[in-house]
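Here's the structure we're looking at; comments come further down.
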Amino acid sequence: MKGLRAAIVNLLAGDRHADRVVPPSGFTAQLTLFAAGAMAFLAVFALALSLAAGRLAERWGDELARSATIRIVAPQEQRAAQTDAALRILDTTAGVASARALSNEEQQALLAPWFGNDLALDSLPVPRLIEVIEDRTGFDAAGLRLRLAAEVPGAVLDDHSRWRAPLVEAAGRLRLLGWVSIVLITAAVAAMITLAAHAALAANAQVIRVLRLVGATDDYIALAFIRRFTLRALSGAAAGTVIGMLAVLFLPQASDAGGFLTGLGFRGAHWLLPLLIPLLAGAVAFAATRAAARRTLGELS
């Protein structure tokens with residue numbers, strides 16, 4: 001605990017003499033900056049994906065849970081009468097906020113992507129659709145089906161539960177995938193920085209031996225590497241985060257026509273979440289470099 005506190009103090013305060021122990025440029029410096037920046041850029045998009053999938057799951061769940069459809073499958077001459085009978089039943093059903101029969105134009109618009117705009121509904125046995133909107137309490141689907149079966153034999157109730165659950169589950173899995181991606185990105189950053197720190201320590205083995213001869217402790221040497229690599233990761237991740245946020249900012253805005261693919265941006269306070277990515281990268285670099293320095297300096301003893 002005392003060594004960890006000293007490392008944090010050294011990281012914040014700095015020591016220009018200790019900084020000379022670590023070369024300011026070279027392969028390890030470039031690798032650390034590039035890895036932190038690239039992973040931060042990817043983390044921004046993974047976070048955006050996770051948040052967008054969460055919003056999508058909530059929206060689909062709310063919208064589909066409050067709506068249902070009744071299809072009136074009856075001969076043409078009976079369709080209007082059965083539609084009116086179904087609407088009267090819905091008017092007296094507890095939990096139904098509103099119900100209305102879709103017009104021919106609305107049904108034609110629903111079928112247009114498959115059959116074109118010139119579809120003549122009167123010449124085809126297309127069932128009449130009734131849109132049902134639930135209130136907060138919801139209605140008893142089983143009871144409504146029994147009433148419809150007794151009074152409107154051509155009515156078929158679809159409460160959307162059959163295809164609502166897979167959609168909400170898919171959105172939930174996308175959200176989980178986004179968080180898993182962030183965890184994997186963090187692990188990749190830790191691995192790359194560990195390798196870079198090992199390489200830097202091994203390349204400066206002779207310098208480390210000389211420092212030991214003149215009285216430098218292993219803690220002093222380790223702190224120098226920890227500070228340099230943590231600041232490199234922090235600066236690289238900050239640059240990658242800024243570029244990632246700018247890229248997300250220029251994504252198409254959410255729209256009904258575009259659906260999920262146009263709603264990947266951040267909203268409201270969620271724009272503050274990517275700012276935590278550089279801090280996370282710095283913390284990962286701090287822990288990874290500290291562990292690598294302790295292990296490597298032990299091997300060089």
Side-chain angles (χ1 to χ4, degrees), residues 51-176 252-264 267:
L51 295 174
R55 292 193 301 267
L56 189 67
E58 293 176 1
R59 189 183 70 187
W60 281 351
D62 292 342
E63 291 180 355
L64 294 177
R66 294 189 303 105
S67 65
T69 304
I70 294 178
R71 302 192 308 274
I72 305 298
V73 185
Q76 184 68 34
E77 61 275 9
Q78 301 178 14
R79 193 172 301 165
Q82 292 201 25
T83 300
D84 293 338
L87 289 172
R88 286 194 297 270
I89 292 175
L90 292 170
D91 287 338
T92 60
T93 300
V96 175
S98 64
R100 69 180 186 90
L102 299 185
S103 64
N104 287 339
E105 291 75 15
E106 289 175 312
Q107 293 197 193
Q108 188 170 11
L110 291 175
L111 297 174
W114 291 274
F115 299 100
N117 296 320
D118 299 329
L119 177 66
L121 295 180
D122 294 337
S123 62
L124 295 174
V126 178
R128 174 65 64 188
L129 298 180
I130 298 177
E131 180 187 47
V132 183
I133 304 299
E134 304 179 21
D135 58 18
R136 292 183 177 274
T137 60
F139 62 81
D140 180 11
L144 180 57
R145 283 192 177 94
L146 291 176
R147 290 187 62 189
L148 291 173
E151 302 181 38
V152 189
V156 179
L157 173 64
D158 181 5
D159 61 359
H160 301 166
S161 59
R162 182 175 54 187
W163 54 279
R164 178 182 66 201
L167 289 177
V168 176
E169 182 181 2
R173 289 185 178 180
L174 275 177
R175 174 168 51 185
L176 177 62
Q253 297 298 315
S255 65
D256 293 334
F260 173 66
L261 294 178
T262 59
L264 288 179
R267 294 183 183 177

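Atoms CG and CZ, on D140 and R145 in that order, are 9.5 Å from each other to the nearest 0.5 Å. Atom CZ of residue R100 and atom CG of residue L87 lie 11.0 Å apart, to the nearest 0.5 angstrom.
Across A94 and F139, no two heavy atoms sit closer than the pair O-CB, 3.3 Å. Of all heavy-atom pairs between Q82 and A74, the closest is NE2-CB, 3.6 Å. R128 approaches A101 most closely through the heavy-atom pair CD-CB, 4.4 Å. Nearest heavy atom pair, residue A141 against residue L157, reads O-CD2, 3.8 Å. In terms of heavy atoms, I130 sits closest to A86 at CD1-CB, 3.8 Å. Residue D135 comes nearest to V96 through the heavy atom pair OD2-N, 4.3 Å, listed as atom of the first residue, atom of the second, then distance.
In this view, T69 and L129, H160 satisfy the side chain to side chain contact (heavy atoms under 4.5 Å, CB included) rule, not counting sequence neighbours. Not a single salt bridge (Lys or Arg N to Asp or Glu O under 4.0 Å) links E151 to another residue, sequence neighbours left out. Qualifying salt bridge (Lys or Arg N to Asp or Glu O under 4.0 Å) partners for R88, counting only residues two or more places apart in sequence or in other chains: none.
The closest donor-acceptor contact from the side chain of Q78 to the backbone of P75 lies at 3.5 Å or more, if one exists at all. Between the R79 side chain and the P127 main chain, no donor and acceptor come within less than 3.5 Å of each other.
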Decide side-chain contact (heavy atoms from CB on, under 4.5 Å) for T83 and I70; before the verdict, give the C-alpha distance in whole Å, the side-chain angles of both, and the deciding distance to 0.1 Å.
-> CA-CA 9 Å; T83 300; I70 294 178; over 6 Å; no

Full working for side-chain contact (heavy atoms from CB on, under 4.5 Å) between T93 and V132 | CA-CA 11 Å; T93 300; V132 183; over 6 Å; no

